There are 2 protein chains.
Amino acid sequence: MATLKDVARLACVDVSTVSRALNNTSYVHPDTKARIFAAVKELSYQPNVLAQGLRQGKRHTIGVVVPRLHLTLFADITQSIESESRKLGYATLICHTEDDPVIEKECLNRLRNGFVDGIIIAGTGRNGHLLRDIHAGGIAVTQIVRKQEGSISSVIADYDACGYDTVRYLYSRGCREIGLINGTTSLAPYRERYNGYHRAMEELGLTETCATSPMPGNNFEYGYQCTEDLLNQNPELDAIMAAVDIQGMAAIRALKDRNIRVPEQIRLVSLTGHSIGGLLETTMTSLEIPAHEMGEKATHMVIDEIEAPSDNKPSVQHLVFSASLVERESS
Amino acid sequence: MATLKDVARLACVDVSTVSRALNNTSYVHPDTKARIFAAVKELSYQPNVLAQGLRQGKRHTIGVVVPRLHLTLFADITQSIESESRKLGYATLICHTEDDPVIEKECLNRLRNGFVDGIIIAGTGRNGHLLRDIHAGGIAVTQIVRKQEGSISSVIADYDACGYDTVRYLYSRGCREIGLINGTTSLAPYRERYNGYHRAMEELGLTETCATSPMPGNNFEYGYQCTEDLLNQNPELDAIMAAVDIQGMAAIRALKDRNIRVPEQIRLVSLTGHSIGGLLETTMTSLEIPAHEMGEKATHMVIDEIEAPSDNKPSVQHLVFSASLVERESS
DNA sequence: CTGAAAGCGCTTACAG
DNA sequence: CTGAAAGCGCTTACAG
């Protein structure tokens, strides 16, 4: 690999002049510039980003910390973050935590040391202290999907409204026995979906039927099990709300296995649409979360924070996106 | 952030001694060592990986270049690469190309310059020259899923066998009019699936019914459209093979929309199982690709190449994994 | 067993 | 308009 020095030698100038020409950081004589660019081309010179980073204290890299990718909203979000970052000249380092606080801690510790300028995280909520430390240490941080720390900016969807509005919607469709499949309420999104559900059910004078667990619950088996639980708890059930798509898919399957027709006997709505609802055999009504926009926005927020002068950092910002109901066959 | 210098000052030794103590690179007196570790702890010193990388010419990072994540095999593979890399002390930089050669080129160019020590790629096949250049320049490269370059190591599944065996399987179930939904044959995996299909059909004296396109074809609409094409081409169709899961899902839906029962009227098999087949309303028979093992293996191959001394690099290796048939309701 | 020095490839005041 | 020099934070021969 050619270095600045090689270019400088070939163009018969000092390395500093080459650097200035390449970065357009001060006037360089057109003739000199031409010689330099010719040399760059001939040697197919590419700057060493490591050295740039060391010198400038910037990596031009942002870390993305998410539980997992497959069949979750995080696949869309991660991809959106990556493509937006790339446009803005940043690379994306990814870590999957599987919602394990120990793995998360390990990832955060690696990221803090020169690996990245900023972090976008959907965290477990168990490493708050570390996260605040990292942020205080000068690394930009934005929370996505899960707002666990009030002192750190966030981009989330309005999960409370998701729960509330869906109950109201199902009520308007004639449902009175509405069950909820939820994940652990120790994570904010699940907690808030429940809050919304609870408030609406109370206002309407309906009785709650809930299935939940101390685990995150982001898998098919869990959703299947919860569906059975709900049916056992309340044989009169006429609607199921699933916190995430994969639970909704599991519910469809569990109902089919019991010969219960969707939506004729039980209506089903997923509270986290991420582009799979429309691809199913029975297409699934869902609240579509604007994953792409959220990823883009979080990327801009974290990069704005990175690039702001240290004496004028943007203030903490909590952004809430609305989900939109997409009606499909399941309701 | 504390630096080596800070630690050295606090422990009253030279930075070189601190470095040696921390890296266990030569004997350091136990007392000195103790002072150093105390200082490290007090300052909660963490080495700056950028500086280490610059000095050693190593980043301890590998780049992953894939078309996309959502609803594809690549989500599983990427996650497997990331967790395996992390265990081995490497971080993972990710790029999505959307199968666009221009984006791919841009990504590869960024990766080559100090960003990564190695690359694992499922490429478009349109930047072969660049890829060989990068490899020749000393960056380890392993191809995954798509083997486009014979001179670069690869980890793939036996797609030819997937096509061949599936025809044989469907034939044994009584099918004689077997259609194939495929992607562009300019990508090796699609081409080989077709080859296997073609050979088996010929051996059995059956007539081919194919739907394909110049595009990669990795989406639902395409699969839906191809299903309609196949049915128009051959109203007697009694089986459909879909190259990838998403096409299989689209086929199920298209058949449902035409009131064709699966598997009674048409049997369906996906040639690329990646853990979604079992989660569907009608569970889908598929050839399960060992994504996790493939990701792991590719990670080891690329890291072995990175860590081998430059005068003794491992030779090119092409690994082929077998897929295994998982029978479910759709066949 | 440890220190002083050079250098990885760049950028950026400082002169002129 | 351009060069010489310092320095980002490390590691590693080289002495002693």
Side-chain angles (χ1 to χ4, degrees), chain A residues 1-37 39-40 43-61 89 110 112-117 137-138 309-310, chain B residues 1-37 39-40 43-61 110 112-117 137-139 309-310:
Chain A
M1 295 294 320
T3 69
L4 254 202
K5 216 196 262 181
D6 299 322
V7 176
R9 189 163 16 194
L10 187 59
C12 301
V13 288
D14 190 78
V15 288
S16 54
T17 307
V18 179
S19 172
R20 280 188 290 257
L22 262 40
N23 299 315
N24 248 319
T25 178
S26 102
Y27 219 85
V28 175
H29 191 91
D31 294 357
T32 319
K33 224 168 184 168
R35 277 212 315 284
I36 289 171
F37 282 117
V40 164
L43 299 169
S44 59
Y45 167 75
Q46 302 260 17
N48 180 317
V49 290
L50 233 60
Q52 289 182 321
L54 177 61
R55 182 55 229 245
Q56 302 178 136
K58 285 274 166 66
R59 272 290 347 261
H60 286 279
T61 299
R110 300 202 67 194
R112 79 183 310 181
N113 298 114
F115 264 105
V116 299
D117 305 318
S310 57
Chain B
M1 294 296 318
T3 68
L4 255 202
K5 215 197 262 180
D6 299 323
V7 176
R9 188 163 18 198
L10 188 58
C12 300
V13 289
D14 189 77
V15 287
S16 54
T17 306
V18 179
S19 173
R20 280 189 290 257
L22 262 42
N23 299 314
N24 247 317
T25 178
S26 101
Y27 220 83
V28 175
H29 192 90
D31 294 357
T32 319
K33 224 166 184 171
R35 278 213 313 287
I36 289 172
F37 281 118
V40 163
L43 299 169
S44 60
Y45 166 75
Q46 303 261 15
N48 179 318
V49 289
L50 233 59
Q52 289 181 321
L54 179 61
R55 182 55 229 243
Q56 304 180 133
K58 286 273 164 66
R59 277 285 349 261
H60 285 277
T61 299
R110 300 202 67 195
R112 78 183 312 180
N113 300 113
F115 264 105
V116 298
D117 305 316
I139 293 180
S310 58

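The shown structure was predicted, so the numbers you read here are calculated from the model rather than taken from an experiment. Residue numbers start from 1 in every chain, and the chains themselves are labelled A, B, ... in the order their sequence lines are given, proteins ahead of strands.
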| So what's the dot-bracket for DNA chain C: Watson-Crick or G-U pairs under 3.5 Å, [ ] if a pair crosses, | if it pairs off-strand? | |||.||||||||.|||
| note | When B:Ala51 and B:Thr25 are each assigned the nearest nucleotide of DNA chain D, the 5'-most assignment goes to B:Ala51
| request: Could you tell me the separation between the CG atom of A:Asp14 and the C1' atom of C:dC14, rounded to a whole number of Å? | output: 13 Å
| Would one find a side-chain N or O of A:Thr32 under 4.0 angstrom from OP1 or OP2 of D:dT2? | yes
| field | For atom CG of A:Leu4 and atom C1' of C:dT11, their distance in whole Å | value | 9 Å
| said: I need the B:Leu50 CG to A:Gln52 CD distance, nearest 0.5 Å. | reply: 10.5 Å
| note | Between the CD atom in A:Gln46 and the CZ atom in B:Phe115, the distance rounded to the nearest 0.5 Å is 11.0 Å
| A:Ser19 side chain reached by A:Val15 side chain, heavy atoms, under 4.5 Å | no
| task | Please confirm whether any donor atom in the side chain of A:Ser16 sits under 3.5 Å from an acceptor in the base of D:dA4, or the reverse. | result | yes
| query | Just to confirm, is there a sub-4.0 Å distance from OP1 or OP2 of D:dC8 to any side-chain nitrogen or oxygen of B:Asn48? | reply | no
| Spatial distance of atom CZ (B:Arg112) from atom CG (A:Asn48) [nearest 0.5 Å] | 12.5 Å
| said: Assuming nearest nucleotide by heavy-atom distance, tell me which of B:His29 and B:Val15 is located more 5' along DNA chain C. | reply: B:His29
| message | Could you tell me how far apart A:His60 (NE2) and C:dG9 (P) are, to the nearest whole angstrom? | response | 20 Å
| Taking C-beta and beyond as the side chain, do A:His60 and A:Val49 meet within less than 4.5 Å on heavy atoms? | no
| task | Measure the distance from NZ on A:Lys5 to P on C:dC10 and round it to the nearest whole Å. | result | 10 Å
| task | Starting from P on C:dG9, measure out to CG on A:Asn23 and report it in whole angstrom. | result | 17 Å
| Rounded to the nearest Å, what distance is computed from the CG atom of residue A:Leu50 to the P atom of nucleotide C:dC10? | 10 Å
| note | Only one of B:Asp6, B:Val7, B:Ile36 passes side-chain contact (heavy atoms from CB on, under 4.5 Å) with B:Tyr45, and that residue is B:Val7
| message | Taking 4.0 Å as the cut-off, does a side-chain nitrogen or oxygen of A:Gln52 come that near to OP1 or OP2 on C:dT11? | response | yes
| message | Which is more 5' along DNA chain C, the nucleotide nearest B:Val28 or the one nearest B:Arg55? Just name the residue. | response | B:Val28
| Is A:Ser19 near enough to C:dC10 that one of its side-chain N or O atoms lies under 4.0 angstrom from OP1 or OP2? | no
| request: Give the rounded distance in Å between these two atoms: CZ of A:Arg35 and C1' of D:dT2. | output: 11 Å
| Is there a donor and acceptor pair closer than 3.5 Å between the side chain of B:Arg20 and the base of C:dG3? | yes
| Spacing of A:Leu54 atom CG relative to D:dT11 atom C1', expressed in whole Å | 13 Å
| request: Would you give the length of the straight line joining atom CG of B:Leu4 to atom CG of B:Leu43, rounded to the nearest 0.5 angstrom? | output: 11.0 Å
